[in-house]
Amino acid sequence: MGILAWIVFGLITGVVANAIDPRPAKGGIISSIVLGIVGAIVGGFLGSTLLGVGVSGFNLSSFLVAIGGAVVVLLIGRALYRSSY
């Protein structure tokens, strides 16, 4: 996938991950894109390592793996942000 496709995929994934966790998100659209892209990378790594399924383009399995990774990244990020006080 090209860089524009990754940005769009990351945006969609980040928005869905933010919607799954009901706490208000900080950072707006840019943080959602970054969350989605990093989540797709983390989800692809974990999915290919544990399940043999990675992020391979715009398809349902890639979308679900990327959302799973984005939720993991979101929860870890919020836990670290909360503990930094």
Gap separating the CG atom of Leu64 from the OG1 atom of Thr13, nearest 0.5 angstrom: 9.5 Å
Distance, nearest 0.5 Å, that separates CD1 of Ile12 from CD1 of Ile67: 9.5 Å
Result of checking Val15, Val71, Leu75 against Ile20 for side-chain contact (heavy atoms from CB on, under 4.5 Å): Val71
